[in-house]
Number of protein chains: 2
Amino acid sequence: MSTTQIDGAAVNPKANVYFDGKCVSHSITLADGRKASVGVILPATLTFGTGAPEIMEGVAGACEYRLPGTDTWQRAGVGDKFSVPGNTRFDIRVAEGETAYHYICYFG
Amino acid sequence: MSTTQIDGAAVNPKANVYFDGKCVSHSITLADGRKASVGVILPATLTFGTGAPEIMEGVAGACEYRLPGTDTWQRAGVGDKFSVPGNTRFDIRVAEGETAYHYICYFG
């Protein structure tokens with residue numbers, strides 16, 4: 001099970017476009033005031049920097065991710081969550097020919 | 001002036017990915033129950049089909065659009081709105097090297 005609808009959100013209609021559009025997200029504020037984004041990653045291998053810690057939740061498709069200080073790629077699909085520490089970098093990839101990875105990213 | 005925040009929305013966290021990611025949007029339901037989406041178009045010339053009539057509002061960047069039955073490309077930027085009839089097709093383009101066009105699309 002994964003989140004299929006986020007109610008009572010405040011949505012910033014201007015998208016965040018990363019890596020020439022390989023990742024596109026929209027920033028939202030949840031009903032409880034937490035910041036989050038809803039986004040999609042197309043087939044690519046990308047490195048992101050974090051500010052606040054992040055929790056990623058897959059809502060469609062799948063990705064592989066590699067956390068800082070590890071050599072291991074781990075797979076995450078629909079309903080899977082993984083945490084990324086703040087002020088670091090991590091790798092995420094979606095293989096060519098695979099479905100895009102759709103996610104909710106919870107900050108803080 | 002354009003809309004900078006949409007409050008009280010229900011957000012579908014799974015993105016709509018069109019034309020290999022040249023257009024990515026997220027579907028939302030507004031507080032008053034109307035359906036809409038927030039999206040971005042990267043540099044490309046695209047043809048979209050409509051079901052319900054649509055009102056497009058630019059929130060960042062600019063595009064040119066060509067409505068059905070016309071030969072004229074019209075420019076629309078931040079705060080500009082244009083209407084597209086239902087059950088038709090229309091063209092929209094963002095020139096190479098231009099900023100992406102960020103929009104809210106109101107349905108019905």
Side-chain angles (χ1 to χ4, degrees), chain A residues 1-44 46 55-63 77-79 81 94 96-106, chain B residues 1-44 46 55-63 77-79 81 94 96-106:
Chain A
M1 283 290 294
S2 66
T3 303
T4 55
Q5 182 170 301
I6 301 166
D7 288 321
V11 178
N12 182 339
K14 184 178 177 188
N16 311 299
V17 179
Y18 304 104
F19 304 108
D20 293 328
K22 290 298 185 186
C23 176
V24 174
S25 73
H26 282 92
S27 299
I28 63 177
T29 304
L30 303 178
D32 64 6
R34 281 185 301 161
K35 302 290 185 184
S37 66
V38 289
V40 61
I41 297 175
L42 304 180
L46 307 175
I55 297 172
M56 297 282 285
E57 175 189 348
V59 297
C63 73
V78 175
K81 294 186 181 182
V94 175
E96 289 299 328
E98 275 214 68
T99 318
Y101 174 64
H102 300 250
Y103 65 87
I104 305 169
C105 177
Y106 302 92
Chain B
M1 284 290 293
S2 67
T3 303
T4 55
Q5 183 170 301
I6 301 167
D7 288 321
V11 178
N12 182 339
K14 185 180 176 187
N16 310 299
V17 178
Y18 304 104
F19 303 109
D20 293 327
K22 290 298 185 185
C23 176
V24 173
S25 72
H26 282 93
S27 300
I28 62 176
T29 304
L30 303 177
D32 65 6
R34 281 186 301 161
K35 301 291 184 183
S37 66
V38 289
V40 61
I41 297 175
L42 304 180
L46 307 176
I55 297 171
M56 296 282 285
E57 175 189 348
V59 297
C63 74
V78 175
K81 294 186 181 183
V94 174
E96 289 298 328
E98 275 215 67
T99 318
Y101 174 64
H102 300 249
Y103 65 86
I104 306 168
C105 177
Y106 302 92

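None of the values given here were measured: they were computed from a predicted structure. Just so we're on the same page: letters track the sequence lines, and every chain starts at 1. Hydrogens, waters and symmetry mates are skipped; everything else that's a heavy atom, side chains included, is used.
Across all their heavy atoms, A:Thr3 and B:Pro13 have their closest contact at O-CG, 3.4 Å. A:Asp20 and B:Leu42 get closest at one heavy-atom pair: O-CD1, 3.8 Å.
Residue contact with chain B, scored on non-hydrogen atoms closer than 4.5 Å, involves the backbone and the side chain of A:Ala15 alike. In this structure, chain A has a heavy atom under 4.5 Å from the side chain of B:Ala60, while its backbone stays farther away.
B:Lys14 NZ to A:Gln5 CD: the interatomic distance, rounded to the nearest 0.5 Å, is 15.0 Å.
For chain A, the option among B:Ser25, B:Gly39, B:Ser27 with the highest count of heavy-atom pairs below 4.5 Å is B:Gly39.
Within the 4.5 Å cutoff, no side-chain heavy atoms of A:Asn12 are placed close to those of B:Thr4.
In this view, B:Lys35 and B:Thr29 satisfy the side chain to side chain donor-acceptor pair (under 3.5 Å) rule, not counting sequence neighbours. A:Leu46 meets the side chain to side chain contact (heavy atoms under 4.5 Å, CB included) test with A:Phe19, A:Lys22, A:Cys23, A:Ile41, A:Ala44, A:Phe48, A:Ile92; sequence neighbours excluded.
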